[in-house]
Amino acid sequence: MKVFNSMSGKKEDFVPIEKDKVGIYACGVTVYDYSHIGHARSAVVFDVIRRYLNYKGLAVKYVRNFTDIDDKIIKRANDDGIAWDEVSRKYIAEYYTDMDRLGVARADVEPKATDHIQEMLNVIKALVDMGHAYVSEGSVYFAVDSFRDYGKLSGKEQKDLLAGARVNIEEKKRNPSDFALWKASKEGEPWWESPWGKGRPGWHIECTAMAIRHLGESIDIHGGGADLIFPHHENEIAQSEAFTGKPFARYWVHNGFITIDKEKMSKSLGNFFTIREILEKYDPEIIRLFLLSSHYRSPIEFSNEQLHDAESSLDRYYSTVARINEFLSAVQATAQRTPKNDDAVMGELKAVLDTFKNRFEEAMDDDFNTALAIGHVFELIRVTNKFLDAKHSGGDAQKLIGQAQEALHIAGSVLNLFQRTPAKWNIDLLATRKIPLTSIDIEQKIEDRKAARQNKDWTLADSIRKELEEMGILLEDGKSGTGWKVKIV
RNA sequence: GGCGACGUACCCAAGUGGCAAGGGGGAGGUCUGCAAAACCUUUAUCCAGCGGUUCGAAUCCGCUCGUCGCCUCCA
């Protein structure tokens, strides 16, 4: 298995520190607002990485933190006139609401910064003692000069940073690049006792303290959005490695951004969509498929058109599953019919099935190439449909289609996609589209139309079809009766 | 200014040395009472441009153009 390591800028063979075990630490969110689609991407990407490693038989311990104390949380609390911890509690709950809908599983450990103050203080104290950090007016700063490898992840040199002249010049710091490990609290701010007086932790130190606490001094995979490379992960490396003398993480994995009109979606630009805004119009699985249809490191442009494409693909998937189900029940009824075997179509399906699992794993082994993996899924969908069209019947055909079902199931469970029944997909779409009909209403209409068709009253039959179509429902006449689906426009 | 990424058809997107996956859309066809779905044919002799390496390159190297990101909180 190969994983792209931001540290080397190359794909590297994945070898965990301890055989068959993987420790993953992914930087989570600062909980001061609703999550946007960019947060969703990161969460979904690491969710899939974790699921795939599990699938490969590795014992994964996945840690994803919540930053529950920080300037923005305090500001939010002041703006809303509530306590800072009320803000963090609220947005943690909202985070779960969104992520649950997107099929993102809980991490094994979801530590909060404020539950690890003591661990942070221990690291900071040690860094001060070792001469890597210094105290200044009640705050503690990490001395970047004291860590020779500073910049090794982001490829930034001290002189380059200064040339940018965008680094905060603070009187209290010896070097503009030094960063706060501990901040003296200002009047009215939350605080914890420390050897340097009342204060609160800086941002970067929490990940060091929590990663070490829950995963040990060296972890296998450390990840997050690409915007965390500098300064966050760079600073984590500096303080962690200065503290332990050991490499902090073996593989640095960073997901790309989501852009809008080619510009990075971000809070500061204001060009973001929250997850729940998008969920108003689109089924959560559409978002998940959209996010996984590109490689995790590529930038992806967010647009309604893209979501619509994903919706059409997903509908294609579920339509095929419906055909598969129909076929399997029909075959059981006519299992004794002589199969007409082994023509080219059957051969093609066999060939695709024979290699499917391998190709799926190959794709995922190659730096978690979900886009390619999904491509394989749809190739299988195509040849399955073709096979179904050829109207085979009998035991061999049943076995092949059963295998296709199984193959789709394996891929779907790793990606956590395609987990519904076609009926559920359409019923859920009814709700997403806000179509004021229940499946029972529709079934009734289908019965009415059936009667009309039996009387060869095509005018009435067609008017029922038309009436439903205007509401966004398509009727499909098949051998075993009439089915319905929500029209993808 | 420093560092880095990317540029594949109408749109999205995979593909890091050997005949360009997959999805969406368009056109024509088969099937159907009419439809829909599905399938078939078609839509890149070519991968931003120009040079180079090679028997052979979208894939490696160089240059040019274009787009984006990081260098400030940010997934």
Side-chain angles (χ1 to χ4, degrees), chain A residues 6 9 11 26-30 32 35-46 70-72 151 154-157 159-168 177 203 223-232 234 254-259 262-269 272 289-290 293-295 297-301 303 305-306 308-317 319-320 322-323 345 359 363 366 369-390 453 456 458-459 461-462 465-466 469 474-478 482-485 487-488:
Chain A
S6 305
K11 281 184 200 169
C27 289
V29 290
T30 301
Y32 71 103
S35 299
H36 61 61
I37 181 78
H39 300 119
R41 182 178 195 188
S42 195
V44 166
V45 162
F46 285 97
D70 125 295
D71 290 349
K72 291 181 298 261
S154 56
K156 295 189 191 308
E157 312 247 348
K159 55 180 169 55
D160 300 333
L161 290 173
L162 295 176
R166 295 172 79 178
V167 185
N168 278 349
S177 295
W203 174 32
D227 49 0
L228 296 181
I229 292 173
F230 191 90
H232 185 53
E234 197 68 72
H254 294 99
N255 63 272
F257 301 123
I258 294 188
T259 59
K262 296 231 168 182
E263 243 184 341
K264 178 188 167 185
M265 180 185 293
S266 77
K267 289 275 177 153
S268 41
L269 286 168
F272 61 90
L289 178 61
F290 160 68
S293 292
S294 301
H295 186 87
R297 280 186 285 116
S298 316
I300 36 184
E301 170 76 8
S303 68
E305 194 192 355
Q306 294 258 60
H308 174 263
D309 286 357
E311 186 171 46
S312 299
S313 304
L314 207 46
D315 192 60
R316 175 174 166 79
Y317 182 92
S319 296
T320 304
R323 294 188 74 196
V345 176
R359 285 180 300 138
D366 185 14
N369 193 339
T370 54
L372 182 57
I374 290 169
H376 294 328
V377 167
F378 279 95
E379 189 193 16
L380 177 55
I381 289 291
R382 197 192 79 238
V383 295
T384 299
N385 272 316
K386 195 169 173 178
F387 179 80
L388 258 16
D389 271 7
R453 291 179 78 207
K456 304 240 186 270
W458 305 125
T459 316
D462 286 352
R465 178 199 288 292
K466 199 167 172 228
E469 188 170 348
L474 281 179
L475 297 186
E476 297 186 340
D477 296 326
T482 299
W484 64 272
K485 56 190 282 185
K487 191 176 176 183
I488 305 296

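This one's a predicted model, so the numbers in the text were calculated from it and none came from an experiment. Residue numbers start from 1 in every chain, and the chains themselves are labelled A, B, ... in the order their sequence lines are given, proteins ahead of strands.
- Comparing B:C73, B:A75, B:A14 by their nearest atom to the side chain of A:Met265 picks out B:A75.
- The CH2 atom of A:Trp484 sits 16 Å away from the P atom of B:A37 (whole-angstrom rounding).
- Minimum atom distance to the side chain of A:Asp227 is reached by B:A75, of the listed B:C12, B:A14, B:A75.
- Across every strand in view, B:A44 sits unpaired, with no contact that passes the Watson-Crick or G-U test at under 3.5 angstrom.
- Rounded to whole angstrom, the span from the CG atom of A:Asp477 across to the P atom of B:A36 amounts to 12 Å.
- A donor N or O paired with an acceptor N or O is found under 3.5 Å between the base of B:C34 and the side-chain atoms of A:Arg465.
- Look at CG on A:Leu474: it is 9 Å from C1' on B:A35, rounded to the nearest Å.
- Without hydrogens or angle criteria, A:Asp366 side chain to A:Asn369 main chain gives no donor-acceptor distance under 3.5 Å.
- One can find a donor-acceptor pair under 3.5 Å joining the base of B:G33 and the side-chain atoms of A:Asp462.
- Taking atom C1' in both B:C55 and B:C60, the straight-line distance is 16 Å, to the nearest Å.
- Taking atom C1' on both B:G26 and B:G33, the two are 29 Å apart, rounded to the nearest angstrom.
- Across all strands shown, B:U16 remains unpaired; no Watson-Crick or G-U wobble contact has both distances below 3.5 Å.
- Closest to the side chain of A:Leu372, out of B:C73, B:A75, B:A14, is B:A14.
- Checking the phosphate oxygens (OP1, OP2) of B:A37, no side-chain nitrogen or oxygen of A:Asn385 falls inside 4.0 Å.
- Under the Watson-Crick and G-U wobble criteria, each requiring two contacts below 3.5 Å, nucleotide B:C50 is paired to B:G62.
- Of the candidate nucleotides B:A75, B:A14, B:C40, B:C40 has the atom nearest to the side chain of A:Arg382.
- Atom pair A:Arg297:CZ and B:G4:P shows a separation of 16 Å (rounding to whole Å applied).
- In this structure, of B:C70, B:G33, B:A14, it is B:G33 that holds the atom nearest to the side chain of A:Arg453.
- Look at B:G4: its Watson-Crick or wobble partner, with both distances under 3.5 angstrom, is B:C68.
- Base-pair partner of B:A21: not found among the strands shown (Watson-Crick or G-U wobble, both distances under 3.5 Å).
- One can place CD of A:Glu263 at 17 Å from C1' of B:A5, the figure rounded to the nearest angstrom.
- Regarding A:Lys466, its NZ atom lies at a distance of 16 Å from the C1' atom of B:A36, rounded to whole Å.
- B:C39 and B:G29 make up a base pair, with Watson-Crick or G-U wobble contacts both under 3.5 Å.
- Closest to the side chain of A:Lys156, out of B:A14, B:C39, B:C71, is B:C71.
- The backbone N or O of A:Glu311 lies less than 3.5 Å from no partner atom in the side chain of A:Asp315, so there is not a single donor-acceptor pair.
- In this entry B:A57 has no Watson-Crick or G-U wobble partner, no candidate having both defining distances under 3.5 Å.
- For the P atom pair drawn from B:G15 and B:G7, the interatomic distance equals 10 Å after rounding to whole Å.
- Rounded to a whole angstrom, the distance from the P atom of B:C50 to that of B:U45 is 15 Å.
- One C1' atom belongs to B:A37, the other to B:C31, and the distance between them is 11 Å to the nearest Å.
- Comparing B:C12, B:G22, B:A75 by their nearest atom to the side chain of A:Phe378 picks out B:G22.
- A distance of 5.0 Å separates CD1 in A:Ile300 from OG in A:Ser294, rounded to the nearest 0.5 Å.
- Between A:Ile258 and A:His36 the shortest side-chain heavy-atom distance does not fall below 4.5 Å.
- For the C1' atom pair drawn from B:G69 and B:C10, the interatomic distance equals 28 Å after rounding to whole Å.
- Of the P atoms belonging to B:A21 and B:G28, the separation is 26 Å, rounded to the nearest Å.
- A:His295 places its NE2 atom 17 Å from the C1' atom of B:C12, with the value rounded to the nearest Å.
- Searching all strands for a Watson-Crick or G-U wobble partner of B:C34 with both distances below 3.5 Å returns nothing.
- In this structure, A:Trp458 forms an aromatic stack with the base of B:G33, since both conditions hold: centre separation below 5.5 Å and plane angle below 30°.
- Among all heavy-atom pairs drawn from A:Phe272 and A:Ser266, the shortest one is CD2-O, 3.6 Å.
- No donor-acceptor contact under 3.5 Å links the side chain of A:Lys386 to the base of B:C40.
- Side-chain contact between A:Tyr317 and A:Leu289 is absent, with no heavy-atom pair separated by less than 4.5 Å.
- In the set B:A21, B:A75, B:A13, the nucleotide with an atom closest to the side chain of A:Ser42 is B:A75.
- By the 4.5 Å heavy-atom criterion applied to side chains, A:Leu474 and A:Glu469 are counted as neighbours.
- Going from the C1' atom of B:A44 to that of B:A35 covers 34 Å, rounded to whole Å.
- Mapped onto RNA chain B by nearest heavy atom, A:Val29 and A:Ser312 fall at different nucleotides, with A:Ser312 at the one closer to the 5' end.
- Between the side chain of A:Asp71 and the base of B:C73 there is no donor-acceptor pair of N/O atoms closer than 3.5 Å.
- Between atom CZ of residue A:Arg41 and atom CZ of residue A:Phe46 there is a gap of 10.5 Å, rounded to the nearest 0.5 Å.
- In this structure, CZ of A:Arg359 is placed 15 Å from P of B:G15, rounded to the nearest angstrom.
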